[in-house]
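Note that the structure is predicted; figures quoted are calculated from it, not measured. Per chain, numbering begins at 1; letters A, B, ... match sequence-line order.
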Amino acid sequence: MASDILDELSWRGLIAHSTDLDALRRELTGDRVTLYYGCDPTAPSLHVGNLVGLIVLRWFQQAGHRPIGLAGGATGFIGDPGGRSSERNLLSEAEVTHNVERIGEQLARFVDLSDGRGLLVNNIEWTAGLSVIDFLRDIGKHFPVNVMLAKETIRNRLESGGISYTEFSYMLLQSLDYLELFRRHGCRLQVGGSDQWGNLTAGVDLIRRVEAASVHALSWPLVTSVTGEKFGKSTGGGSLWLDPELTSPYAFFQYWINVDDRDVGRYLRCFTFLAREEIEVLEAAAVERPAAREAQRRLAEEITSLVHGAAETERVIAASRALFGQGDLADLDPATLAAALAETPHATVSAPLPSVVDLLALTGLAASKSAARRTVAEGGAYVNNVRVADPDAAPTAEDLLHGRWLVLRKGKRSLAGVELKPA
RNA sequence: GGCGGGUUGCCCGAGUGGUCAAAGGGAGCGGACUGUAAAUCCGCCGGCUCAGCCUACGAUGGUUCGAACCCAUCACCCGCCA
């Protein structure tokens, strides 16, 4: 049963590279294997880019193995040179500490930590007390610089303007993590995105040299959308965060609802735990009846409940159904309308209603009043689904739904609520 | 330490005294079309009290009627030399 894990991951498009796959498969069919995935605390939240890692950990846990989530309190200070063309800005200690805490909470939601079935660690534990001399003698000695220079991440940086010694050293720290987890917890597998492959194998090499042990690394392909690298960037341009404070569950849900038809099958495979047969049915449906958007709906529901829980997902679905439904907004009952608008960006205003331009800016639908003015001029502004022509006109009392609300829309899919505060 | 090159709007990148809120591309936004999709076409894309005004071309100061463009100083980046 547990032997199916690699096949499962492979079917889901989650295997890019691996060290000896057959040897890994043998280990996985035997005893419980301990594996780890690390995230650096570069922000106070993980984003969808890290979601694959969390999902992979859970797959392994479900297959009976023991996952370790690592929050990089130490590596977060250094900055991973991979995937970028220039140096990172260093974070302050307070930022890193705060971020580690938040990220730990998120990791804990995907990995069952009860009864030692999973672990949460911070690499500051074994690096804080490490002296420079010990580090250079015990770790640095095992890293041939010529090998490091050949790694793709380093090479890219050398070609695009250089790299500091600090970031150059990142690989050593990540390798040290693997070594420590091997020693402390018998960790024999590190998983990560394919951009981490160089760091993953560096750890494997270090363990072979120091401990004469053969351990494994497994990477998944970086998830991309058909239209290019903008995956994970929400339509507003920012990242899609897992933290509801940074990306509202409504916006999160909407992102997945709007996924391109060509991507939806792939995303169902790698971002959900739905059974193969079910995904195949959904993929077929997406081809045969694209208008129904069943696959996107299911994808959005699954991922949103994975990240934000079933209850929040119910609220978001209800809101989307109410606001994007065919019916007249005026027909929605007050409770439904209020609940729906609560999920969208919204603003509260008092007595004399502001102009449409002000409302667009106030709710954040438009980045500025100038942008709002443009939207109106372009015919993209709607109040209660009715296009607005005059940017300076203010909605009247008759426009208010149930005497209190306005549904503001920009374009086809950006909605916001406005509530009139009772005088 | 020396010499040379560079720093432009979300990103890339043109611009070397007025015609510059700054070419072009990408991203993004709106419209038409539609399926809260893609493709295509059209329009937009610094801010504001919007036929006008304000702020911007690494920072500061200067020359000039006038500077992203000239000069000086500083900061950072890149290359070559020591």
> Does the pair Leu54(A) and Leu242(A) meet the rule for a side-chain contact (heavy atoms from CB on, under 4.5 Å), with working shown?
CA-CA 11 Å; Leu54(A) 303 178; Leu242(A) 303 192; 3.9 Å; yes

> Could you let me know what rU73(B) is paired to, Watson-Crick or G-U wobble, both distances under 3.5 Å, or none if it's on its own?
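Check on rU73(B): paired to rA59(B), both distances under 3.5 Å.
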
> Measure the distance from OH on Tyr255(A) to P on rA37(B) and round it to the nearest whole Å.
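Answer to the nearest Å: 14 Å.
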
> Between Glu280(A) and Arg276(A), is there a salt bridge with N-O shorter than 4.0 Å?
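Salt bridge between Arg276(A) and Glu280(A), a charged N being under 4.0 Å from a carboxylate O: no.
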
> If you compare every side-chain N and O of Lys412(A) against the phosphate oxygens of rG31(B) (OP1, OP2), does one of them come in below 4.0 Å?
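So the side-chain polar atoms of Lys412(A) never come under 4.0 Å of the phosphate oxygens OP1 or OP2 of rG31(B).
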
> Should Tyr267(A) be listed as having a side-chain N or O under 4.0 Å from OP1 or OP2 of rA37(B)?
no

> Which whole number of Å gives the distance between the C1' atom of rG24(B) and that of rG13(B)?
8 Å

> Any luck finding a side-chain donor-acceptor pair between Gln196(A) and Gln174(A) under 3.5 Å?
yes

> What do you reckon, is CZ of Arg209(A) surrounded by more than 12 foreign heavy atoms closer than 6.0 Å?
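Yes.
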
> Would you say rU34(B) has OP1 or OP2 under 4.0 Å from some side-chain N or O of Arg293(A)?
no

> Measure centre to centre between the rings of Trp59(A) and Phe273(A), then say whether the value is under 6.0 Å.
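Between Trp59(A) and Phe273(A), the centre distance is under 6.0 Å.
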
> Considering every strand shown, what is the Watson-Crick or G-U wobble mate of rU40(B) when both distances are under 3.5 Å?
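Looking at the geometry, rU40(B) pairs with rA32(B).
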
> Relative to the 5' end of RNA chain B, which residue comes earlier, Ala367(A) or Arg321(A), by the nucleotide with the nearest heavy atom?
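Nearest nucleotide further toward 5': that of Arg321(A).
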
> If you measure from the C1' atom in rA51(B) to the same atom in rG35(B), how many Å do you get, rounded?
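Those two atoms are separated by 42 Å.
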
> Measure all distances between protein nitrogen or oxygen atoms and nitrogen or oxygen atoms of nucleotides 20-23 of chain B, and list the pairs falling under 3.5 Å.
none

> Closest to the Asp260(A) side chain: rG35(B), rC29(B), rA38(B)?
rA38(B)

> Between rC70(B) and rG18(B), how far apart are the C1' atoms? Round to whole Å, please.
14 Å

> Give every pair of a protein N or O atom and an N or O atom of nucleotides 50-54 of chain B that lie under 3.5 Å apart, one pair per line with the distance.
residue: rC50(B); atom: N4; partner: Ser370(A); partner atom: OG; Å: 3.1
residue: rC50(B); atom: N4; partner: Arg373(A); partner atom: NE; Å: 3.2

> Identify whether any heavy atom of Phe253(A) sits under 4.0 Å from a base atom; if not, whether one sits that close to sugar-phosphate; answer base, sugar-phosphate or nothing.
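Counting heavy atoms under 4.0 Å across all strands, no contact is made by Phe253(A).
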
> What I'd like to find out is whether the side chain of His346(A) reaches to under 4.5 Å of the side chain of Glu419(A), using heavy atoms alone.
no

> Can you tell me how far C1' in rA59(B) sits from the matching atom in rG52(B), rounded to whole Å?
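rA59(B) and rG52(B) have their C1' atoms separated by 31 Å.
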
> In the structure I gave you, are the side-chain heavy atoms of Leu107(A) and Val111(A) within less than 4.5 Å of one another anywhere?
no

> Is there a donor in the side chain of Asp177(A) and an acceptor in the side chain of Trp126(A), or the other way round, less than 3.5 Å apart?
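A pair is found: one side chain offers a donor N or O, the other an acceptor, under 3.5 Å apart.
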
> Atom CD of Gln254(A) and atom C1' of rG35(B): how far apart are they, to the nearest Å?
14 Å

> Distance check needed: rU34(B) C1' versus Phe324(A) CZ, whole Å only.
15 Å

> Please tell me which of Arg297(A) and Asp358(A) maps to the more 5' nucleotide of RNA chain B, matching each residue to the nucleotide holding its nearest heavy atom.
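Whichever sits nearer the 5' end wins; that is Arg297(A).
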
> Could you tell me whether Glu152(A) and Arg155(A) make a salt bridge, using a distance below 4.0 angstrom between a side-chain N and a carboxylate O?
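Between Arg155(A) and Glu152(A) there is no salt bridge, as every charged N stays at least 4.0 Å from the carboxylate O atoms.
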
> What integer distance in Å separates Leu299(A):CG from rG35(B):P?
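In whole Å, rG35(B) P lies 21 Å from Leu299(A) CG.
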
> Using the P atoms only, state how far rU34(B) lies from rA56(B), rounded to an integer number of Å.
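After rounding to an integer number of Å, I get 47 Å for this pair.
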
> Under 3.5 Å, which protein N or O atoms sit close to an N or O of nucleotides 41-45 of chain B? Give each pair with its distance.
residue: rG43(B); atom: N2; partner: Glu378(A); partner atom: OE2; Å: 3.0
residue: rC44(B); atom: O4'; partner: Glu378(A); partner atom: OE2; Å: 3.3
residue: rC44(B); atom: O2'; partner: Glu378(A); partner atom: OE2; Å: 3.2

> Hey, does the side chain of Ser368(A) come within less than 4.0 Å of rG47(B)'s phosphate (OP1/OP2), counting only N and O?
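Yes.
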
> Can you tell me which nucleotide in rA37(B), rG31(B), rG30(B) comes closest to the side chain of Asp261(A)?
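Ranking rA37(B), rG31(B), rG30(B) by closest atom to the Asp261(A) side chain puts rA37(B) first.
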
> Take atom P in rG2(B) and the same atom in rU73(B), then report the distance between them in whole Å.
12 Å

> Looking only at atom P, what distance separates rA37(B) and rC76(B), rounded to whole Å?
48 Å

> If I take atom CZ in residue Arg413(A) and atom P in nucleotide rC33(B), what distance separates them, rounded to the nearest angstrom?
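Arg413(A) atom CZ is separated from rC33(B) atom P by 17 Å.
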
> According to the Watson-Crick and G-U wobble definitions, with both distances under 3.5 Å, which nucleotide is paired to rG1(B)?
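Base-paired to rC81(B).
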
> What nucleotide among rG31(B), rA38(B), rA37(B) has an atom nearest to a side-chain atom of Arg262(A)?
rA38(B)

